[in-house]
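Each remark here refers to the structure printed beneath this line.
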Amino acid sequence: MPRVHVSETALGDEQDVVQLIVDAHYAHEAEWIAFTPEQVGDDFFELRTGRAGAITQKFVMYQMGLAVVGDISERVAASKPLADWVRESNRGRNLLFAADLDELAEQLQDR
């Protein structure tokens, strides 16, 4: 199973994201970084802002997985585009959404 680093830091701007990726890779030998919904911020879930795409692209570029771990069910229920994006992301290789760390571990088991 891939190594997961649970971040204690909120996502800032794109340069901060790159630094978090580098730190997780070198300091923790991580292949994935897990953040809470609060750490990624409200703008991440409002797809029209482009923040989620920009952040996800940094993770893809640096070959690091991004996991959002926590309850986002209300957000998903309120937005069909977000629900579709979460579902498709969970089928992919770079971005996962999980209710808790146990669910994330299950999702990563076959990767």
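Distance NZ/Lys58 to CD1/Ile21: 8.5 Å, rounded to 0.5 Å. Between atom CE of residue Met61 and atom CD of residue Gln63 there is a gap of 10.5 Å, rounded to the nearest 0.5 Å. Here the CZ-CG distance, from Arg51 to Asp42, works out to 10.0 Å after rounding to the nearest 0.5 Å. Distance CD/Glu8 to CD/Gln39: 8.5 Å, rounded to 0.5 Å.
A donor-acceptor pair under 3.5 Å links the side-chain atoms of Asp16 to the main chain of Asp13, judged by distance alone. The backbone N or O of Val76 lies less than 3.5 Å from no partner atom in the side chain of Ser79, so there is not a single donor-acceptor pair. Under the 3.5 Å distance criterion, the side-chain polar atoms of Thr56 are matched with a main-chain donor or acceptor of Ala52.
Transitive grouping of hydrophobic side chains (ILVMFWY, heavy atoms separated by less than 4.5 Å) brings Tyr62 and Val40 into a common cluster. No chain of hydrophobic side-chain contacts below 4.5 Å, direct or via other Ile, Leu, Val, Met, Phe, Trp or Tyr residues, connects Ile55 to Val4. In the hydrophobic clustering of this structure, Leu47 groups with Phe44; members are Ile, Leu, Val, Met, Phe, Trp, Tyr whose side-chain heavy atoms approach within less than 4.5 Å, directly or through other members.
Across every non-hydrogen atom of Ala98 and Gln107, the tightest pair is CB-OE1, 3.6 Å. Taking every heavy atom of both residues into account, Leu20 and Leu11 meet most closely at CD1-CD2, 3.8 Å. Among all heavy-atom pairs drawn from His5 and Ala30, the shortest one is CB-CB, 3.7 Å. Contact between Leu108 and Pro2 at its shortest, heavy atoms only, is O-CD, 3.4 Å. Across all their heavy atoms, Pro37 and Gly70 have their closest contact at CD-CA, 3.8 Å. Considering every non-hydrogen atom in both Ala24 and Met64, the closest pair reads CB-CE, 4.3 Å.
Residues Leu95 and Trp85 form a side-chain contact, since some pair of their non-hydrogen atoms from C-beta on lies under 4.5 Å apart. Looking at heavy atoms from C-beta onward, Glu14 lies out of side-chain contact with Val18 at the 4.5 angstrom threshold. Looking at heavy atoms from C-beta onward, Val68 lies out of side-chain contact with Leu96 at the 4.5 angstrom threshold. No side-chain heavy atom of Phe35 sits under 4.5 Å from any side-chain heavy atom of Val6. Side-chain contact between Arg3 and His28: absent, with no pair of heavy atoms (C-beta onward) separated by less than 4.5 Å. Using a 4.5 Å heavy-atom cutoff, the side chains of Ile33 and Leu66 are not in contact. Side chains of Phe97 and Val69 form no contact here, defined as non-hydrogen atoms less than 4.5 Å apart.
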